Amino acid sequence: MTIREELEKIERKVLSPFASLSSETKGRMKPEDPCPIRPAFQRDRDRIIHSKSFRRLKHKTQVFLSPTGDHYRTRLTHVIEVSQIARTISKALRLNEDLTEAIALGHDLGHTPFGHAGEAALNEIFPGGFKHVIHSLRVVDVLERDGQGLNLTYEVRDGISKHSKGMGPLDNPKYRPETMEGQVVRLSDLVAYANHDVDDAIRAGIITIDDVPKECVKVLGKTNSERINRMVTDIIFETKKLGEKNVVMSKEIEEAIVELRGYLFDTVYMNEKIRRNFLKATKMMKEIYQYFCDNPEEFWRIYGKDSQGSESIERSVCDFIAGMTDSYAISIYERIFLPKRWQGDLSTF
């Protein structure tokens with residue numbers, strides 16, 4: 001018996017009947033031999049952590065564009081916080097922590113530079129639109145490993161593709177992940193950003209805790225740790241009480257989170273100081289996109305791909321821009337559109 005088989009045996013013995021077992025995965029897009037040491041979902045987690053798109057998350061905006069302060073969240077710290085919250089919930093419910101962690105760490109791999117402003121820009125200019133959820137799946141299926149993809153399991157891919165909640169109801173059966181682990185990540189994503197965006201906005205002087213709706217503070221708590229503890233505890237006990245293959249929270253907590261999310265949207269995300277920077281970022285992304293579409297030879301030289309490939313120039317440019325970090329997008333824009341001091345040669349790129 002291999003180490004992997006021993007670990008799969010432990011899973012069958014200790015995990016909840018509602019948990020996803022590594023030995024019963026629906027498989028990968030391309031069949032491959034199993035690892036003799038790691039179960040399938042652990043292997044997926046490792047592939048995500050070692051991917052280039054995961055490393056780039058450290059320089060992508062969460063809310064505040066390229067903050068100079070050391071303690072503001074980035075897209076990378078966000079997915080780590082989501083992972084911690086999700087693992088806490090999964091462990092308490094005896095779900096598969098490897099699957100939970102893989103989905104949590106991979107759910108935002110398709111995010112653009114400059115946060116949701118970058119996503120909105122690409123959605124406007126790219127034919128067919130752009131959604132970071134769909135692009136996250138494209139990253140793991142197609143773009144990583146020089147076009148080979150990560151070849152993740154069905155369950156991880158399902159969780160990544162259904163993690164977003166938008167501004168609608170928190171639990172829409174149409175977009176509910178098939179696994180409980182995926183459902184845990186979906187709610188943990190909300191728990192994480194609803195709390196750390198409040199924390200960062202207070203740090204930035206955009207709001208104070210006294211500005212937050214009083215009912216939210218009363219129900220959820222005044223500090224970051226109080227709010228996370230209250231939400232996580234509620235999800236665990238409400239789900240255990242339900243006793244079904246569905247991760248839920250109480251109506252009281254859900255209503256408070258919805259109110260808090262609406263407050264953040266109106267007061268923080270749409271704040272004039274923040275929006276002013278994002279309008280500039282949107283303009284930059286649109287101009288970079290148009291420039292490369294109009295100058296394909298220059299694009300292929302920078303991107304390093306064959307222009308005779310199966311992808312359209314628009315698709316390839318969109319992939320390239322979506323993968324940029326904030327600082328790289330700014331440097332590309334400067335190299336294309338801003339004049340440089342004469343250095344005695346005619347080189348541009």
Side-chain angles (χ1 to χ4, degrees), residues 20 22 25-35 38-60 74-76 78-80 82-83 86-87 96-113 115-116 118-119 122-123 126 128-165 175-179 181-186 188-189 192 303-305 309-311 315-325:
S20 301
S22 301
T25 174
K26 293 184 179 180
R28 304 179 185 277
M29 296 177 70
K30 294 173 283 189
E32 59 182 66
D33 293 333
C35 176
R38 297 168 296 169
F41 302 140
Q42 182 185 346
R43 199 177 190 186
D44 284 359
R45 188 272 316 271
D46 295 348
R47 288 180 178 181
I48 289 168
I49 287 176
H50 289 284
S51 68
K52 292 179 180 177
S53 50
F54 182 78
R55 295 196 292 276
R56 289 197 298 269
L57 294 178
K58 66 181 177 180
H59 294 305
K60 291 196 177 191
T74 65
R75 190 64 59 180
L76 179 62
H78 164 70
V79 301
I80 292 173
V82 173
S83 175
R87 285 192 61 182
N96 194 312
E97 288 186 63
D98 286 338
L99 174 57
T100 301
E101 189 173 23
I103 297 170
L105 295 177
H107 79 277
D108 269 354
L109 291 180
H111 247 299
T112 63
H116 289 285
E119 179 177 10
L122 284 182
N123 186 51
F126 177 64
F130 180 94
K131 301 295 181 187
H132 83 271
V133 177
I134 298 173
H135 196 68
S136 291
L137 206 57
R138 177 172 171 79
V139 168
V140 300
D141 286 351
V142 178
L143 300 180
E144 269 294 337
R145 295 173 61 199
D146 297 324
Q148 297 181 63
L150 300 181
N151 198 29
L152 304 181
T153 56
Y154 173 87
E155 291 80 4
V156 174
R157 296 175 64 254
D158 173 74
I160 290 174
S161 68
K162 297 175 182 174
H163 78 268
S164 184
K165 293 146 297 298
Y175 301 109
R176 185 187 299 158
E178 293 182 22
T179 66
E181 291 83 359
Q183 294 175 40
V184 166
V185 173
R186 193 168 188 267
S188 298
D189 185 30
Y303 192 40
K305 302 287 185 179
S310 59
E311 302 286 8
R315 172 76 269 179
S316 295
V317 171
C318 180
D319 290 340
F320 183 47
I321 294 176
M324 291 179 178
T325 61

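Residue indices begin at 1 and follow the sequence shown. This structure is a prediction, so every number in the text was calculated from the model and none was measured.
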> What's the verdict on side chain to side chain contact (heavy atoms under 4.5 Å, CB included) for T74 and L57, showing C-alpha distance, side-chain angles and the deciding distance?
CA-CA 7 Å; T74 65; L57 294 178; over 6 Å; no
> Going from CD1 on I80 to CG on L76, what distance comes out if it is rounded to the nearest 0.5 angstrom?
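Atom-to-atom, I80:CD1 and L76:CG are 4.0 Å apart.
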> Run the salt bridge (Lys or Arg N to Asp or Glu O under 4.0 Å) test against E144 and tell me which residues pass, sequence neighbours left out.
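Residues passing salt bridge (Lys or Arg N to Asp or Glu O under 4.0 Å) with E144: none at all.
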> Of all residues at least two apart in sequence or in a different chain, which pass the side-chain hydrogen bond (donor to acceptor under 3.5 Å, both in side chains) check with T153?
D44
> Show the nearest heavy-atom pair for residues V79 and D108, with the distance to one decimal.
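Closest approach of V79 to D108, heavy atoms only: CG1-CB, 3.9 Å.
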> So T325 and P113, do their side chains get closer than 4.5 Å, heavy atoms only?
no
> Has the side chain of K60 got a donor or acceptor atom that lies under 3.5 Å from a matching backbone atom of H111?
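Indeed, once roles are kept as given, a pair shorter than 3.5 Å links the two residues.
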> Classify the angle between the aromatic ring planes of Y303 and F320 as parallel (below 30°), tilted (30 to 60°) or perpendicular (above 60°).
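Rings of Y303 and F320: tilted, as their planes differ by 30° to 60°.
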> If you take all heavy atoms of T25 and E155, which pair is closest and at what distance?
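Where T25 meets E155 most closely, the heavy atoms are OG1-OE1, 2.7 Å.
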> Considering all heavy atoms of both residues, which atom of T112 and which atom of F130 are nearest to each other, and what is their separation?
CG2-CE2, 3.4 Å
> Output yes when a side-chain donor or acceptor of H107 lies under 3.5 Å from a complementary backbone atom of A104, and no otherwise.
yes
> In Å, rounded to the nearest 0.5 Å, how long is the span from CG of N151 to NZ of K30?
5.0 Å
> Nearest 0.5 angstrom please: R55 CZ to H50 NE2, how far?
9.0 Å
> Measure the spacing between CG of L137 and OG of S161 and express it to the nearest 0.5 Å.
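One finds 5.5 Å between CG of L137 and OG of S161.
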> With a 6.0 Å cut-off (strictly less than), is the heavy-atom count around OH of Y175, excluding the residue itself, greater than 12?
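Atom OH in Y175 is not crowded, with 12 or fewer foreign heavy atoms closer than 6.0 Å.
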> What residues form a side-chain hydrogen bond (donor to acceptor under 3.5 Å, both in side chains) with K26, not counting sequence neighbours?
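side-chain hydrogen bond (donor to acceptor under 3.5 Å, both in side chains) check on K26 returns E178.
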> Output all residues satisfying salt bridge (Lys or Arg N to Asp or Glu O under 4.0 Å) with E101, sequence neighbours left out; order by chain, then residue number.
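In terms of salt bridge (Lys or Arg N to Asp or Glu O under 4.0 Å), with neighbours along the sequence ignored, E101 is linked to R45, R87.
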> Would the distance check show the side chain of N96 and the main-chain N or O of S20 forming a donor-acceptor pair, the cut-off being under 3.5 Å?
yes
> Is it the case that the side chain of S136 and the backbone of G110 share a donor-acceptor pair, with hydrogens and angles ignored and the cut-off at 3.5 Å?
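Yes, because the side chain of S136 sits within donor-acceptor range (under 3.5 Å) of the backbone of G110.
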> Output the distance between atom CG (L99) and atom CD (E181), rounded to the nearest 0.5 Å.
4.5 Å
> Would you name the heavy atoms of S188 and A86 that are closest together and state the gap between them?
OG-CA, 3.3 Å
> Any side-chain to backbone donor/acceptor pair from R157 onto L152? Under 3.5 Å, distance only.
no
> H163 and Q183: side chain to side chain contact (heavy atoms under 4.5 Å, CB included), yes or no, with the steps?
CA-CA 8 Å; H163 78 268; Q183 294 175 40; over 6 Å; no
> Keeping the roles fixed (side chain from E119, backbone from H132), state whether a donor-acceptor pair exists under 3.5 Å.
yes
> Measuring from L150:CG to D46:CG, what's the distance to the nearest 0.5 Å?
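Those atoms lie 11.5 Å apart.
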> Which residues pass the salt bridge (Lys or Arg N to Asp or Glu O under 4.0 Å) test with D189, not counting sequence neighbours?
K165
> Check salt bridge (Lys or Arg N to Asp or Glu O under 4.0 Å) between D319 and all other residues, then give those that pass, not counting sequence neighbours.
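Result, salt bridge (Lys or Arg N to Asp or Glu O under 4.0 Å) vs D319: R138, R315.
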> Please report the closest heavy-atom contact between S83 and L105, naming both atoms and the distance.
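In this case the closest contact between S83 and L105 is CB-CD2, 3.9 Å.
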> Looking at every heavy atom in both H135 and A322, which two are closest together, and how far apart are they?
NE2-CB, 3.5 Å
